[in-house]
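Here's the structure we're looking at; comments come further down.
Sequence lines set the chain letters: A, B, ... in the order given, protein chains first and strands last, and positions in each chain run from 1.
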There are 2 protein chains.
Amino acid sequence: MSRTATAPSRPASRSAARVVGSGAGRIEPVDHGTRERLLDAAGEVFADRGYEQATIRDICRRAGANIAGVSYHFGDKKALYIEVIAYAHRCADEYDPAREAAGTADPAERLRVFVRTFMQRIGHKGRPAWHARLMAREMASPGAALDQVVRSGVRPKFEALQAILRTLNPSLSDREVELCACSIVGQCLIYHHARPVLTRLFPTLKLDAREIERIAEHITRFSLAAVAAAHRRGGARP
Amino acid sequence: MSRTATAPSRPASRSAARVVGSGAGRIEPVDHGTRERLLDAAGEVFADRGYEQATIRDICRRAGANIAGVSYHFGDKKALYIEVIAYAHRCADEYDPAREAAGTADPAERLRVFVRTFMQRIGHKGRPAWHARLMAREMASPGAALDQVVRSGVRPKFEALQAILRTLNPSLSDREVELCACSIVGQCLIYHHARPVLTRLFPTLKLDAREIERIAEHITRFSLAAVAAAHRRGGARP
DNA sequence: GAGCGATTCAAACATGTGTTTGATAGGCCC
DNA sequence: GGGCCTATCAAACACATGTTTGAATCGCTC
């Protein structure tokens, strides 16, 4: 019976049971059971170190759980990772830059809110915000959950940004909208994924909340000018 | 001909391996000795997988060398990595986007050449061009050689870009120049470090040589418009 | 050819990691 | 209490990786 590999006692499948809290839409793991602590600790470790570098022992130590806890509750490391991505995903809806941007009518202001919110999400190193960092890391190094992350995490926000751009400049072609969206997201992401280089390059750069705000303002103006200018030429040129 | 020419070789005394460090001589691995093949293979593997994920066995297999070769010729994995960074660094001078951009007089054309060359360097997956990919990876995850990479690899190119921007729009403040430079580099880098996401997001995106060319053209126009518009406002705002 | 240092080789070692195992304790229903 | 299920625990297992070791091979001088 030892080698039959059928996982005779593998209650790991009972997964989605207790994530729900008491409140209506609350996702937060108010119940500090072992499973919830593991999910939370794993999210932080995965976001900080990446999938390969994260160790189960470290996760369990931070969660105050036994090494076997991961195997028992989730099956194996990869399953835990998938679950963490999904968990971060549900949480990420509350941090959706697109939703916050939808509040205002002026398209320029919508872009400003989008950029600012996006930068705050990925820039903040605080504890409850490893979700965006996890996404950014998954984007950088494709893991098992990339398809899922892209499909239901990245794509909707990207399309929201594209909608803002179309409103800003209706003369843009679909392809130009895509390229402009990439340009805007790229401007934001470099401050996250090249932070060590930038702090060495510009020792004056602090990247605190105030600085993030100013950088977001620069990116907004930079992109607004570029998008507005793009319509003066059609899209054809030598 | 071995290392006796410049450096008195390193018997790499079994116990305390010494890293040569300076190595003022040899730049080209024209001699296909074990040491050179190891350097070349290590560069490729480090650029593809990153420092932690790269395995010495893989490097030695690609180089057709024995596992002990790394320990004998370089001391240990970290010393090999430092040496590879330095090696890539000397080679990178031939691939300097700034130098190629210096050929033309028109600042807009200089920016265009800079962006195009930069994107070709980091986008091309070919064998002889793992240098830029290595730099990009080192930027993303700071390793032991980050300071060295930034000081003599990134900074000069960044300053060249800033000089172009200043020529394009003399009314920009130092800080605005920095921010614009970050915006341009960020637009380029996203196609490298988020490539898996982008290919899933836009299945039509091919990222071959022609596509790279068109993206570079977009980034150039996007940034030219933004930089030109930046001078119409001073730098003050609500 | 003999001697000697530089170099390469296969094998082993030490360590860290993901995973499994068998045992143990607690809760719950009959 | 007895049986049964869930959850946790310490220990061990299996495997990959960086590193070392001692012998074998190569290349050169004499």
Side-chain angles (χ1 to χ4, degrees), chain A residues 1-15 17-18 29 31-39 41-42 45-46 49-84 143-144, chain B residues 1-20 31-39 41-42 45-46 49-84 143-144:
Chain A
M1 63 91 170
S2 57
R3 204 77 297 267
T4 49
T6 65
S9 71
R10 165 75 65 76
S13 50
R14 47 182 277 80
S15 51
R18 38 178 68 232
D31 176 350
H32 283 174
T34 301
R35 201 187 129 94
E36 286 71 26
R37 294 200 317 271
L38 278 175
L39 264 182
V45 176
F46 280 140
R49 303 243 229 265
Y51 177 78
E52 309 282 356
Q53 279 303 305
T55 73
I56 289 190
R57 280 172 174 82
D58 186 17
I59 293 172
C60 292
R61 200 180 319 124
R62 295 203 200 190
N66 189 273
I67 321 278
V70 167
S71 173
Y72 178 77
H73 284 285
F74 302 94
D76 59 355
K77 186 184 181 183
K78 175 172 286 186
L80 167 63
Y81 184 65
I82 303 278
E83 203 85 4
V84 166
Chain B
M1 91 102 65
S2 24
R3 26 231 118 272
T4 51
T6 60
S9 105
R10 79 205 46 65
S13 40
R14 328 293 248 211
S15 51
R18 67 174 65 179
V19 177
V20 56
D31 176 347
H32 282 178
T34 301
R35 197 186 130 95
E36 284 71 24
R37 294 200 318 273
L38 278 175
L39 265 182
V45 176
F46 280 140
R49 304 244 231 264
Y51 177 78
E52 309 281 355
Q53 279 304 305
T55 74
I56 289 191
R57 279 173 175 81
D58 186 17
I59 292 172
C60 291
R61 200 182 318 123
R62 294 202 201 190
N66 188 274
I67 321 277
V70 167
S71 172
Y72 178 78
H73 284 285
F74 301 94
D76 59 358
K77 187 183 181 183
K78 174 171 285 186
L80 167 63
Y81 184 65
I82 303 279
E83 204 85 1
V84 166

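Whole-Å rounding puts the B:Lys78 NZ to D:dG18 P distance at 13 Å. Atom pair B:Leu38:CG and C:dT8:P shows a separation of 8 Å (rounding to whole Å applied). Note: OH (A:Tyr81) to C1' (C:dG18) measures 17 Å, nearest angstrom. The separation between B:Arg49 atom CZ and D:dA16 atom C1' is 14 Å, rounded to whole Å. Between the CG atom of B:Asp76 and the P atom of D:dG18 there is a distance of 11 Å, rounded to whole Å. Look at OH on A:Tyr72: it is 13 Å from C1' on D:dC9, rounded to the nearest Å. Distance, A:Phe74 CZ to C:dG18 C1': 16 Å, rounded to whole Å. A:Tyr51 has its OH atom 14 Å from the P atom of C:dT17, to the nearest Å.
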Can you give me the N/O atom pairs linking the protein to nucleotides 24-27 of chain C at distances under 3.5 Å, or say none if there are none?
none

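For A:Arg49, the salt bridge (charged side-chain N to carboxylate O under 4.0 Å, His left out) test picks out A:Asp58, with sequence neighbours left out. A search for side chain to side chain contact (heavy atoms under 4.5 Å, CB included) contacts involving A:Ala63 returns A:Arg37, A:Leu38, A:Ala41, A:Ala65, not counting sequence neighbours. Looking at residues two or more places apart in sequence or on another chain, you find a side chain to side chain contact (heavy atoms under 4.5 Å, CB included) between B:Ala68 and B:Asn66.
Taking every side-chain heavy atom of B:Thr55 into account, D:dG18 is the closest of D:dG18, C:dG18, D:dA7. Here the nucleotide nearest the side chain of A:Ser71, chosen from C:dT20, D:dT8, C:dT8, is C:dT20. Relative to the side chain of B:Ala68, the nucleotides D:dT8, D:dC9, D:dT21 differ in distance, and D:dT21 lies closest.
Using a 4.5 Å cut-off on side-chain heavy atoms (C-beta onward), A:Gln53 and B:Glu52 make contact. Between A:Phe74 and A:Leu39, the closest side-chain pair of non-hydrogen atoms falls below 4.5 Å. A:Ile56 has its side chain out of reach of A:Leu80: every pair of non-hydrogen atoms, C-beta onward, lies at least 4.5 Å apart.
Side-chain nitrogen and oxygen atoms of B:His73 include at least one within less than 4.0 Å of the OP1 or OP2 phosphate oxygen of C:dT8.
Taking the six-membered ring where the residue is Trp, A:Phe46 and A:Tyr51 present parallel rings, their angle staying beneath 30° rather than reaching 60°.
Between its opening and closing five pairs, the helix from C:dG1-D:dC30 to C:dC30-D:dG1 changes axis direction by 20°, a value rounded to 10 degrees.
Within a heavy-atom distance below 4.0 Å of DNA chain C, the residues of residues 56-67 of chain A found are A:Ile56, A:Arg57, A:Ile67.
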